[in-house]
Amino acid sequence: MTSDNDRRRGLLARLRGRPVARSRGRRRLGAAVRLAAALMLAGGAYTVFAPGVQAQDNPPLSAAANEGKALFDVSCVTCHGRNAQGVEGRGPSLIGVGSASVEFQVSSGRMPMARQEAQAMRKPPHFTDEQVRQLGQYIQELGGGPQVPQGDLREGANLSTGGELFRINCSQCHAFGAGGGALSSGKYAPSLKPASDRQIYAAMLSGPQNMPVFGDNQISPQEKADIIAYIQQTLKHDQDQGGFNLGRYGPSTEGLAIFLVGIVALVFASLWIAGKS
């Protein structure tokens with residue numbers, strides 16, 4: 001009798017558990033269907049919007065940049081490669097250098113280089129100002145980077161501050177009179193006499209050759225204007241009150257000249273005294 005009751009209770013328990021198991025299975029099946037639908041919806045949305053995202057990552061070039069690309073493909077691609085990514089052993093990548101670097105190198109005739117040297121020399125420019133702007137715009141839109149601002153680069157400049165900044169940051173290489181000087185491994189700091197306002201500003205932003213980069217965090221735009229004004233208005237037009245300037249290379253050449261003149265004077269003086277005695 002007891003076993004019959006136990007069997008009935010077990011049967012009832014199983015019958016009661018079936019709806020629970022079925023409801024759990026239905027919930028799991030419904031969750032799986034909803035997940036699949038969500039994945040399909042996300043995939044469809046990506047398929048629809050992915051071309052637009054890709055188009056935004058590669059925006060079309062402006063008219064000036066297209067002109068610059070045509071010039072680049074003719075005159076620069078051999079060394080800097082297609083899409084300006086550089087060619088090993090010939091030329092570096094230009095991605096990220098910005099239009100400032102292009103403006104300095106191309107407007108000063110340093111690029112294109114005639115041959116591989118320790119340092120690119122200043123030459124008559126190969127391109128017009130408009131073509132330089134177009135090349136710079138192409139490199140700017142290709143990879144971004146620093147740009148020389150438009151307008152008067154000396155506006156509100158302070159010559160006294162510019163002179164102090166020049167002596168602290170520039171005179172070690174370019175000399176106190178901006179005449180330039182020798183560096184190691186056949187390189188040199190060029191004279192600043194032929195440099196324009198934009199070339200000086202671009203050089204500070206891009207750091208060509210051995211020159212360090214002076215970004216806006218190191219030297220602010222206003223301080224750059226002070227330095228440019230000091231170079232252009234003082235060093236280029238300063239009169240040498242003492243006479244011959246000895247190249248304006250600073251105290252080294254002056255000390256050497258004084259030493260040589262003094263030694264020669266002492267030798268002649270000794271000979272004269274010896275002759276008289």
Side-chain angles (χ1 to χ4, degrees), residues 51 53-150 173-174 180-192 194-218 224:
V53 173
Q54 186 174 5
Q56 291 177 4
D57 290 340
N58 299 284
L61 297 174
S62 64
N66 274 318
E67 294 292 336
K69 183 180 186 305
L71 294 169
F72 182 91
D73 290 342
V74 172
S75 302
C76 314
V77 70
T78 303
C79 294
H80 295 288
R82 295 194 177 278
N83 298 322
Q85 294 180 349
V87 176
E88 187 175 359
R90 292 186 181 179
S93 170
L94 301 181
I95 303 300
V97 303
S99 60
S101 178
V102 176
E103 184 166 350
F104 173 81
Q105 298 287 357
V106 180
S107 68
S108 64
R110 290 176 168 86
M111 293 291 162
M113 289 183 69
R115 58 185 180 276
Q116 292 292 334
E117 299 177 288
Q119 181 166 325
M121 298 179 62
R122 187 183 187 99
K123 305 182 299 294
H126 183 73
F127 298 101
T128 65
D129 292 342
E130 179 67 15
Q131 290 173 328
V132 171
R133 185 186 70 82
Q134 292 168 349
L135 278 168
Q137 187 64 28
Y138 171 60
I139 297 302
Q140 185 67 38
E141 294 185 17
L142 198 63
Q147 295 177 276
V148 179
Q150 300 298 322
C173 296
H174 293 284
L183 301 175
S184 61
S185 303
K187 298 181 180 181
Y188 60 92
S191 170
L192 301 180
S196 66
D197 292 3
R198 295 186 65 82
Q199 288 170 353
I200 297 173
Y201 203 111
M204 286 190 279
L205 286 179
S206 60
Q209 311 296 344
N210 280 4
M211 181 174 173
V213 175
F214 294 104
D216 291 343
N217 292 330
Q218 289 79 32
K224 288 182 174 70

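Reckoned from all heavy atoms, side chains included, excluding hydrogens, waters and symmetry mates.
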Between Gly81 and Val87, which heavy-atom pair has the shortest distance, and what is it?
N-CG2, 3.4 Å
What distance separates Ser206 OG from Gln105 CD, expressed to the nearest 0.5 Å?
6.5 Å
Compare every heavy atom of Pro146 with every heavy atom of Gly96, then report the nearest pair and how far apart it is.
O-CD, 4.0 Å
Closest non-hydrogen contact found for Arg122 with Pro194 is NH2-O, 3.2 Å
Quick check: closest heavy atoms across Phe104 and Ala202, and the distance to 0.1 Å?
CB-CB, 3.8 Å
Treating Lys224 as the side-chain partner and Ile200 as the backbone partner, does any N or O pair qualify as donor plus acceptor under 3.5 Å?
no
Derivation of the side chain to side chain contact (heavy atoms under 4.5 Å, CB included) call for Met211 and Met204
CA-CA 8 Å; Met211 181 174 173; Met204 286 190 279; 4.0 Å; yes
Met121 and Tyr188, any side-chain heavy atoms less than 4.5 Å apart:
yes
No-hydrogen, no-angle side-chain donor-acceptor test under 3.5 Å, Ser107 and Gln199
yes
Might you point out which heavy atoms bring Pro208 and Ala203 nearest each other, and give the distance in Å?
CD-O, 3.3 Å
Got Leu94 and Phe72 here, is their nearest side-chain heavy-atom distance under 4.5 Å?
yes
Got a donor-acceptor contact below 3.5 angstrom from the His174 side chain to the Pro190 backbone?
yes
Partner residues of Cys79 under the side chain to side chain contact (heavy atoms under 4.5 Å, CB included) criterion, sequence neighbours left out:
Arg90
Least distance between heavy atoms, Gly136 atom then Ser99 atom
O-CB, 3.4 Å
Separation of Cys76 SG from Phe127 CZ (nearest 0.5 Å)
5.5 Å
Measure the spacing between CD of Glu103 and CD of Gln137 and express it to the nearest 0.5 Å.
11.5 Å
Checking Glu141 side chain against Ser62 main chain: does a donor-acceptor pair fall under 3.5 Å?
yes
Look up atom CD in Glu67 and atom CZ in Arg133, then write down how far apart they are to the nearest 0.5 Å.
9.5 Å
Can you check whether Gln150's main-chain N or O pairs, donor with acceptor, with Arg198's side chain at less than 3.5 Å?
no
Hey, what do you get for CD1 (Ile139) to OG (Ser101), rounding to the nearest 0.5 Å?
9.0 Å
Gln147 versus Gln140: any side-chain heavy-atom pair under 4.5 Å?
yes
To the nearest 0.5 angstrom, please state how far the CG atom of Leu142 sits from the CD1 atom of Ile95.
4.0 Å
Short side-chain donor-acceptor distance under 3.5 Å, Arg110 and Ser108
yes
For Glu88, salt bridge (Lys or Arg N to Asp or Glu O under 4.0 Å) partners two or more places apart:
none
Does atom CG of Asp129 have more than 12 heavy-atom neighbours from other groups under 6.0 Å away?
no
Is there a side-chain contact between Lys69 and Leu61 (heavy atoms, below 4.5 Å)?
yes
Spell out, as yes or no, whether a donor-acceptor pair under 3.5 Å connects the side chain of Gln134 to the backbone of Asn66.
no
